[in-house]
Every structure is written in C-alpha cells, then in structure tokens.
Amino acid sequence: MQTIRLKREKRPYEVNEELKLLRTNLLFCGADKHVFLMTSAFAGEGKSTVTLDLCLSLAELGKNVILIDADMRKSMLKHRIVGPQPENGLSHYLSGQCQLDDVVCQTDVEQLYAVLAGAVPPNPTELLSSEQMKRLISFCREHFDYVVIDCPPIGLVVDPAVIAPLCDGTMLLIEANQVKYRLAQESTAKMKATGCPILGVILNKVSEKKFGRYYTKYYGKRYYKAYYAHSENKS
Ligand SMILES: Nc1ncnc2c1ncn2[C@@H]1O[C@H](COP(=O)(O)OP(=O)(O)OP(=O)(O)O)[C@@H](O)[C@H]1O
Ligand SMILES: [Mg+2]
C-alpha cells in the first residue's frame with residue numbers, strides 16, 4: 001500500500017474545539033452511521049477543508065478512518081500532499097484502470113487512509129454510479145470505522161445525490177452569510193430526495209468578530225463554527 005504525506009495546517013484552539021464538537025456530534029449520530037457524505041450548496045464554501053480536518057480529528061481519537069475524495073472535477077486532497085502523488089485515484093479505479101487495492105493509500109497520520117480523486121475524467125457522474133463505486137464503499141465499510149466522502153456541491157452537480165444512497169448520512173456545509181436561504185433549501189431538498197438522512201448542517205466561515213483578533217493572526221478572516229445539529233432543525 002502506498003503511503004502519502006499530508007500537509008498539516010495548524011488550527012487555533014477554538015477552531016479545534018469546534019472540530020471536536022463536530023466529531024462528537026457525528027459519533028453520537030448512531031451506531032449504524034459509519035459512512036458520511038460531505039456536500040454544500042455552492043463551490044468554495046469549505047467542504048474539503050472541513051472534511052480533512054474532521055478525518056484528522058477522528059483519527060486522533062483512535063478511529064480507523066478513510067477519506068474518499070469523490071470530487072474528481074476539482075480535487076483538493078492532491079494539493080494537501082507533500083512529495084510524490086499516488087499514480088492512481090478514484091477515477092482510475094472506477095474506470096477499470098486499476099484495482100481497489102491500488103487506490104487505498106496509507107497516510108503519515110496514524111489510522112488515517114485516503115483515496116485520491118485521480119485524473120479528471122470526462123464522465124464523473126457516470127463513474128460514480130458504477131458497480132465499482134458500490135464495491136469501494138462496501139470494502140471501506142468493512143475495513144474502517146468511519147468513511148468520509150468529500151463531494152462537489154449539490155447546488156451545481158448531481159454527483160452527491162448519486163453517491164448518497166450508498167451512505168448513512170449527509171453533512172451539509174453552508175458558508176455563513178454567503179449562501180441564499182433559497183439555495184440552501186433547494187440543496188437540502190435535493191439531498192433529502194435521495195433518502196439518505198441529512199445528519200446536520202455545518203456553518204462555516206463564521207465572522208471573526210465573534211472570536212476576536214487572536215484568530216486573525218492564524219487563520220485568515222473567517223473561522224469554522226460547526227453547528228452540527230441532529231436532523232433537520234437547521235436545514
Ligand atoms: N473556516 C474557514 N476559515 C477560513 N478559510 C476557510 C475555512 N474553510 C475553508 N476555507 C478556505 O476556503 C477555500 C475553499 O475551501 P475548500 O476548497 O475546502 O472549499 P470546497 O467547498 O471544498 O470547494 P469546492 O466546492 O471547490 O470543492 C480554501 O482556500 C480554504 O482554505
Ligand atoms: Mg472541495
């Protein structure tokens with residue numbers, strides 16, 4: 001199995017606390033919830049960043065975790081790798097160019113594994129609907145405590161809805177003060193229609209005014225606020 005090295009970004013204390021809260025809420029979602037999908041209404045709201053941080057946080061707790069980068073159009077994970085990139089990724093496996101074993105990478109973080117997106121394919125949605133995708137998810141279910149799938153935004157492409165029936169729950173991430181209420185509602189409705197429960201909403205990039213200047217020093221101007229509530233009360 002190939003090993004990749006991840007670029008780690010230091011988060012301020014309060015951000016880590018919010019991540020822990022998100023992690024805890026997720027762990028309490030139920031014993032039958034192991035495979036989670038992350039999506040948002042729009043692009044650039046912070047899904048991939050929060051997904052990776054959440055996986056790191058779960059691994060830190062001693063959970064065996066795998067992150068699947070299912071955003072084959074715009075992978076984030078490859079930009080978080082230091083050193084050589086794996087030859088094969090999700091698109092190679094789903095299109096039959098390699099075996100499942102070839103795409104599961106170990107990371108330099110104990111207990112954290114990853115499947116990278118691979119080369120950009122011409123037909124990501126079709127690939128995600130394939131039998132191979134089902135096989136990958138059931139393999140991950142069998143071998144890992146938690147599977148977190150980073151998806152593109154449901155407001156722009158249908159991919160998350162295609163994967164959702166294979167998952168136990170959806171996390172909908174919303175960027176504070178950016179996404180219109182109606183778009184958030186539409187995105188929620190699209191995900192609900194898949195039958196995969198929306199476990200909660202993550203409100204991301206909450207203004208630093210709430211947190212004071214300390215954070216500005218470390219992490220730009222906006223920060224996580226992971227309001228990760230059970231069921232539909234935030235959607
Ligand atoms: N809480 C945050 N505070 C400050 N910056 C953030 C936060 N979350 C994400 N970002 C930044 O926002 C940008 C977009 O993040 P990211 O790539 O994770 O979004 P995304 O939703 O996955 O985007 P895409 O839809 O393109 O996949 C990145 O530059 C990231 O560092
Ligand atoms: Mg992303």
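Every number for a ligand or one of its atoms is a count from 1 in the order of the listing.
Under the 3.5 Å distance criterion, the side-chain polar atoms of Asp150 are left unmatched by any main-chain donor or acceptor of Asp71. Between the Gln178 side chain and the Glu175 main chain, no donor and acceptor come within less than 3.5 Å of each other.
Nearest heavy atom pair, residue Asp108 against residue Leu6, reads OD1-N, 3.1 Å. In terms of heavy atoms, Ser91 sits closest to Ala119 at OG-O, 2.7 Å. A pairwise comparison of heavy atoms in Leu112 and Ala59 identifies CB-CB, 4.0 Å as the closest pair.
The N/O atoms of Gly46, backbone and side chain alike, include one that comes under 3.5 Å of an N/O atom in ligand 1. Of the polar atoms of Glu45, at least one N or O is found under 3.5 Å from an N or O of ligand 1, judged by distance alone.
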Exercise. Hey, mind stepping through Arg141 and Asp168 against salt bridge (Lys or Arg N to Asp or Glu O under 4.0 Å) and telling me if it holds?
Worked result: CA-CA 11 Å; Arg141 256 184 208 286; Asp168 302 329; 2.8 Å; yes

For this session: Decide yes or no on side chain to side chain contact (heavy atoms under 4.5 Å, CB included) for Phe36 and Thr51, but give the supporting numbers first.
Result: CA-CA 10 Å; Phe36 303 109; Thr51 302; over 6 Å; no

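Nearest to atom 21 (O) of ligand 1 by heavy-atom distance, out of Lys47, Met38, Arg80, Lys205, is Lys47. Here atom 27 (O) of ligand 1 lies nearest to Asp71 when heavy atoms of Thr49, Thr51, Val15, Asp71 are compared. One option in Asp53, Asn204, Asp69 has a heavy atom closer to atom 7 (C) of ligand 1 than any other, and that option is Asn204.
Short contacts between ligand 1 and Ala43, defined as distances under 4.0 Å to a heavy atom of the residue, involve ligand atoms 25 (O). Close contacts between ligand 1 and Gly44 involve ligand atoms 14 (C), 19 (O), 20 (P), 21 (O), 23 (O), 24 (P), 25 (O), 26 (O) [criterion: under 4.0 Å to a heavy atom]. Within the listing of ligand 1, atoms 26 (O) sit less than 4.0 angstrom from a heavy atom of Lys74.
For the pair Glu131 and Arg135, the salt-bridge criterion is not met [side-chain N within less than 4.0 Å of a carboxylate O].
Applying the 6.0 Å contact sphere to CD of Glu186 captures more than 12 heavy atoms from other residues, nucleotides or ligands.
Protein contacts to the Mg ion (ligand 2) involving N, O or S atoms at a distance below 2.8 Å are Ser48 OG.
The one candidate from Arg23, Arg8, Arg11 that meets the side-chain hydrogen bond (donor to acceptor under 3.5 Å, both in side chains) condition with Asp53 is Arg11.
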